[in-house]
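Written out below as structure tokens is the structure these notes cover.
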Amino acid sequence: MSTVDKTQILNEMREQAKLGGGEARIQKQHDKGKLTARERVDILVDKNSFVEMDMFVSHRCNDFGMEEQKFLTDGVITGYGTIDGRKVMVFSQDFTIFGGSLSETFAQKICKVMDMALKLGIPVIGLNDSGGARIQEGVVSLAGYADIFLKNTMASGVIPQISAVLGPCAGGAVYSPAITDFIFMAKGTSHMFVTGPNVVKTVTHENVTMEDLGGASAHGEKSGVAHFTCENEVEVLQNIRKLLSYIPLNNLDEVPFYTESPEPISTDLDTIIPENPNKPYDMHNVIEGIVDGDSFFEVHAEYAQNIIVGFSRIGGHSIGVVANQPAHLAGVLDIDSSIKAARFVRFCDAFNIPLVTFEDVPGFLPGTDQEWRGIIKHGAKLLYAFAEATVPKLTVITRKAYGGAYDVMSSKHIGGDINLAWPTAEIAVMGPKGAVEIVWKKELANADNPEEKMEELQNNYRAKFANPYVAAERGYIDDVIHPQETRGRLISGLELLATKVSSNPKKKHGNIPL
């Protein structure tokens, strides 16, 4: 056989691999409104940067007639490329080959990519579109999933792991994305669940659609499993690129810094806090009035909206933002918001991203539902996360900082580096009304005009306690500043803390209240 013939064979095999399961199955994928595995990779990475690995792998199963059904790549495209010039490892599951089902060799390809990502210290991005385990391979397929889970766990906190669910992801397959740092889903085509609608109906007699059970909206708004929900696959892939612009390549890498820092979206911060302390305002306006223009990238935007988390830049510095949202449930901390914020804080700490906290919190949400579902242990997760974090921590109290929630929200007492307050800040054990009802209970009961007495006592309480100056006297607040000074103070604080060195006591790991 001549060199020309051998070259021709190589070219033909490459073309065969690129066809996946064939033209008919590719068309079927398009008819569902979905891209192919290769089309997704082309959109995700920089143009012409993707280098494929293991193109010629095929399965080794000889049961159930599988020896007569072999496809190159075996249902997953793996390799490396760049995003904005920075290296990433990628795997993209191909639904046109055996429904993207996972086999022994399929799992080995993914593990190989993850091993290389860990060795090189670069992010790994998984594009999931799979019917689950390849039944014909039995326990070998299940072993492949377990191999992937272990590598996900070992890589956690060392390199960023990002998952996009762009089709079905069911059964044991869901636990790999669940261990990764961020999950993206596309509305209408992405579905995640441990058990599908048919099993749910058999076991619980509930009738539920795939979309209601495990669609993007269900996981974006109700379960919180999805960090980002997008209108379509292209938006998912574009937002993965955007996310990577805020985070380092690994836990030892420098956090991205941008020399350009556009001015914030114009907001009159000095008048943004309402005169009435019970009137809500949108904390998004505060954030966008301080950070670099158009740089705030919200995470979990539809879930637990009483707290806001996301990435941003200020003076070119990448930061993680955590903020109470007075416009939703008055910004109170509850189970969902505590878990949401705690996970985000721990990601930022793992990858050395400074944390900036905007605080306006009236306390923890009361009630039997919260207590019986474990608000104590779940609220403690956020406390634990902030206390454990060794990255630069800057806090701005805009209005309420009541009770234990004041302590939890990155206070000076749990390691806050720079803690500032606006003149509108109210730092107290509880709100004026509740405090008066407890402290001056007898005076109110004996008053000729209880309502007038209540107002008088509340005014006295506000004057003495519901302000930032008592805390400032004791050094719990480093300074009380005008709102318009906030951006400059945060930038100078980040520059000051750039050389911060802090570590926790040596231990295998802590025992966070899971």
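In this structure, F311 has its ring center at least 6.0 angstrom away from the ring center of F297. Ring pair F98/H59: centre-to-centre distance below 6.0 Å. Checked against a 6.0 Å centroid threshold, the rings of F347 and F182 count as neighbours. Between Y258 and Y246, the ring centre distance reaches or exceeds 6.0 Å. Here H317 and F257 bring their ring centres to under 6.0 angstrom of each other.
Nearest heavy atom pair, residue S338 against residue L382, reads O-CB, 3.9 Å. Nearest heavy atom pair, residue C348 against residue L355, reads CB-CD2, 3.7 Å. Across C169 and V174, no two heavy atoms sit closer than the pair O-CG1, 3.1 Å. Residues G363 and V332 approach most closely at O-CG2, 3.0 Å, considering heavy atoms.
Here the side chain of E137 pairs a donor or acceptor atom with the backbone of E104 at under 3.5 angstrom. With S337 contributing its side chain and N306 its backbone, the two residues share no donor-acceptor pair below 3.5 Å. Without hydrogens or angle criteria, T204 side chain to V200 main chain gives a donor-acceptor distance under 3.5 Å. D253 contributes no side-chain N or O that, together with a main-chain N or O of P248, makes up a donor-acceptor pair within less than 3.5 Å. The backbone N or O of D84 sits less than 3.5 Å from a side-chain atom of D46, completing a donor-acceptor pair. Counting only distance, with no hydrogens or angles, the side chain of N504 and the backbone of E388 share a donor-acceptor pair below 3.5 Å. Of the possible polar contacts, none joining the D181 side chain to the I162 backbone as a donor-acceptor pair under 3.5 Å is found. With hydrogens and angles ignored, the 3.5 Å screen pairs a side-chain donor or acceptor of S92 with a backbone N or O of A37. With hydrogens and angles ignored, the 3.5 Å screen pairs no side-chain donor or acceptor of D292 with any backbone N or O of S295. At distances below 3.5 Å, not a single donor-acceptor pair connects side-chain atoms of K393 with backbone N or O atoms of S410.
By the 4.0 Å N-to-carboxylate-O rule, R38 lies close enough to E52 to be salt-bridged with it. The pair D74-K109 does not meet the salt-bridge criterion, since no charged nitrogen lies less than 4.0 angstrom from a carboxylate oxygen. Salt bridge present: R40 and E233 bring a charged side-chain N and a carboxylate O closer than 4.0 Å.
Two residues are said to be in side-chain contact when any heavy atoms from C-beta on lie closer than 4.5 Å; I247 and F351 fail this criterion. Looking only at side-chain heavy atoms (C-beta outward), R86 and P256 come within less than 4.5 Å of each other. At least one side-chain heavy atom of L394 sits under 4.5 Å from a side-chain heavy atom of L497. Side-chain atoms of R373 and D336, non-hydrogen and from C-beta on, do get closer than 4.5 Å to each other. Counting only heavy atoms from C-beta outward, the side chains of T36 and H30 approach each other to under 4.5 Å. Side-chain contact between V113 and V124 is present, with heavy atoms from C-beta onward closer than 4.5 Å.
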For H413 and Y406: C-alpha separation, side-chain torsions, deciding distance, then whether ring pair (Phe, Tyr, Trp, His ring centres under 6.0 Å) applies. CA-CA 10 Å; H413 321 286; Y406 154 70; 5.4 Å; yes
* Give the C-alpha distance, both sets of side-chain angles, the deciding distance and a yes or no for side chain to side chain contact (heavy atoms under 4.5 Å, CB included) between I83 and I125. => CA-CA 11 Å; I83 292 178; I125 303 167; 3.7 Å; yes
Exercise. Does the pair Q29 and D129 meet the rule for a side-chain hydrogen bond (donor to acceptor under 3.5 Å, both in side chains), with working shown?
Worked result: CA-CA 11 Å; Q29 185 86 339; D129 187 0; 2.9 Å; yes
Test log, rule side-chain hydrogen bond (donor to acceptor under 3.5 Å, both in side chains), inputs T180 and S163
CA-CA 7 Å; T180 62; S163 298; 2.9 Å; yes
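Among the candidates D334, I307, N324, the single residue satisfying the side-chain contact (heavy atoms from CB on, under 4.5 Å) test with L329 is D334.
Remark: the E211 side chain and the H191 side chain contain an N/O donor-acceptor pair separated by less than 3.5 Å. Neither side chain, Q370 nor H378, offers a donor N or O lying under 3.5 Å from an acceptor on the other. D282 and Q325 form a side-chain donor-acceptor contact under 3.5 Å, judged by distance and modelled atom types alone. Side chain to side chain, D54 and T78 fail the donor-acceptor criterion of an N or O pair below 3.5 Å.
For K34 and F95, the positive end sits near the middle of the six-membered ring, less than 6.0 Å away and at most 45° from its axis.
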Enumerate, atom names and distances included, each donor-acceptor pair closer than 3.5 Å involving a side-chain atom of residues 10-25, sequence neighbours excluded.
residue	atom	partner	partner atom	Å
N11	ND2	T7	O	3.4
E12	OE2	Q8	NE2	3.1
R25	NH1	T96	O	3.3

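Using the six-membered ring where Trp is involved, H300 and Y303 have ring planes that are tilted, between 30° and 60° apart.
For K500, the NZ atom sits in a packed shell: over 12 heavy atoms of surrounding residues, nucleotides or ligands are nearer than 6.0 Å. Counting non-hydrogen atoms of other residues, nucleotides and ligands closer than 6.0 Å to NZ of K507 gives a total above 12.
Residue pairs meeting the side chain to side chain donor-acceptor pair (under 3.5 Å) criterion with at least one member in residues 146-156, sequence neighbours excluded: D115-K151, N152-Q161, N152-S176.
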